[in-house]
Amino acid sequence: MAPHKDNKFHSYKLAFERHHTRIINDFSTKHQKVLKKAKDRGLHIASAAIVLTSLLASSPSELHDRKYQASTKIGAEQSKSLETLKGILKDKNTLNQYEEGQVSTILSKSLGMNLKATLDGNKLNEIYGYTGAEQHLFRWPGDTLSQHNLPRAGIAPLKGAFGYFDNENQEKYYVAAQLHELPNWNTDWVTLKPWYRFRKVVVYNPDNGKAVVACIGDAGPARWTGKTFGGSPEVMEHLERVDGAQKGKVVILFVDDPDNQIALGPVIDNSALALQNK
Amino acid sequence: MRYLFETIQTLTILPVKLENSNLHLHEQREIYDLAKSSIHHKVIDLILVELDELKQDEFIEMLTITQDDPSLLNNLRSWINNFEEKVRTMVLEAEKELCDLLEE
């Protein structure tokens, strides 16, 4: 990376951060009462001010159309695994390495895919966390919102962190991950960025057992939002995940699929993998 | 991440300036996210200032349930005179302020 670009980014970032902090401080002071009330009621308004008051973020083109058929056979062993999974995820904000391994093993068997928390020595900052709703992203030059499903979600005016997509399905089933939170992102992004670009992942909603094969299509969200991931409109719709008080957590794992055999899209009929009692 | 104000007014000038800034895409994204957060707080501030205490509580509760609920925007339109116009003006002004940061 050319030195002048690096200085430019850091200079802009500092200016924007200072501006942001000023706004948040003013907001927190001005609306202290209502923010405290919201916090006391356990309401999260996607606001950095809430955090302050409390003191007080493929891979190559999809060539194959083959859908992966999830394993829906639930035997005694599978039920035991799901109970183990439930125990691991219950009331957890973050998972340790051992727990990540257990989750990967259980979901790999359940979904019939090779799922990993660490792949090629790379990992995400977390594999379990809340996911926020994202807008559509421009797929190619000339793309417009009217050409997307679920237009109500809107379209971001800026391209995603990886630029235009290679194909329609990558944008349809994309997630945002906190790449900027990786400890070596700033130093090694030149090699890391191509690795994470459209990297295939599985997104699993433990509450209803739904899962989607997606790709990392953007960087974000900011840590203070309280969310760890972002989901495209289609991903959120399939997982039945909403942004807001009803939000819940998802598990995201890399799909080890070197031959690119697994298609992006919903994993078929694995309601048996729901952990929440109905 | 998607914010409430984006259903009324999206940013139009800042993304272009960022694209022309020669920053890498993920750097543009990081700065853009900061900008959106700043504007989000300004818009929420505008709304809270216009509402009495009871409506503030109702608004916060609706916002946290989901900002995608059309009834949230409908309520704001009925509670605040010229709501959308005020938000648009606020967003455009805030965006200009942020664009000036790129000029410095």
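Letters A, B, ... are given to chains in the order of the sequence lines, protein chains preceding strands, and every chain is numbered from 1. Note that the structure is a prediction, hence the values are computed from the model and not measured.
Here Glu30(B) pairs with Lys13(A) under the salt bridge (charged side-chain N to carboxylate O under 4.0 Å, His left out) rule; sequence neighbours left out. Contacts of Thr94(A) classified as side chain to side chain donor-acceptor pair (under 3.5 Å), with partners at least two apart in sequence or in another chain: Glu126(A). With sequence neighbours excluded, the residues forming a salt bridge (charged side-chain N to carboxylate O under 4.0 Å, His left out) with Lys36(B) are Glu6(B), listed by chain and number.
Both the backbone and the side chain of Ile31(B) have a heavy atom closer than 4.5 Å to some heavy atom of chain A. Using a 4.5 Å cut-off between heavy atoms, Asp33(B) contacts chain A through its side chain alone, with no backbone atom that close. Only the side chain of Leu14(B) comes within contact range of chain A, with at least one heavy atom under 4.5 Å from a heavy atom of that chain.
Between the side chains of Glu97(B) and His19(A), at least one donor N or O lies within less than 3.5 Å of an accepting N or O.
The most heavy-atom pairs under 4.5 Å with chain B, out of Arg22(A), Lys193(A), Glu17(A), come from Lys193(A). Of the listed residues (Asp26(A), Val34(A), Leu158(A)), the one with the most heavy-atom contacts under 4.5 Å to chain B is Leu158(A). With respect to chain B, the highest number of heavy-atom pairs below 4.5 Å among Ala156(A), Gly154(A), Gly160(A) belongs to Gly160(A).
Using a 4.5 Å heavy-atom threshold, the side chains of Arg29(B) and Lys159(A) count as separate. Side-chain atoms of Trp189(A) and His24(B), non-hydrogen and from C-beta on, do get closer than 4.5 Å to each other. The shortest side-chain heavy-atom distance between Tyr32(B) and Pro157(A) falls under the 4.5 Å cut-off. Side-chain contact between His26(B) and Asp218(A) is absent, with no heavy-atom pair separated by less than 4.5 Å. Side-chain contact check for Ile44(B) versus His31(A): every heavy-atom pair is 4.5 Å or farther apart.
With Ser38(B) as reference, Ile23(A) is the one residue of Thr21(A), Ile24(A), Ile23(A) to meet the side chain to side chain contact (heavy atoms under 4.5 Å, CB included) rule.
Annotation for Lys8(A) and Asn22(B): closest pair NZ-CB, 4.3 Å, computed over non-hydrogen atoms. Taking every heavy atom of both residues into account, Leu102(B) and Tyr12(A) meet most closely at O-OH, 3.3 Å.
Listed by sequence position, the residues of residues 85-92 of chain B in contact with chain A number zero, using a 4.5 angstrom heavy-atom cutoff.
One finds the CZ atom of Arg18(A) at 11.0 Å from the CG atom of Leu101(B) (value rounded to the nearest 0.5 Å). Separating the CZ atom in Phe27(A) from the NE2 atom in His41(B) is a distance of 5.5 Å, to the nearest 0.5 Å.
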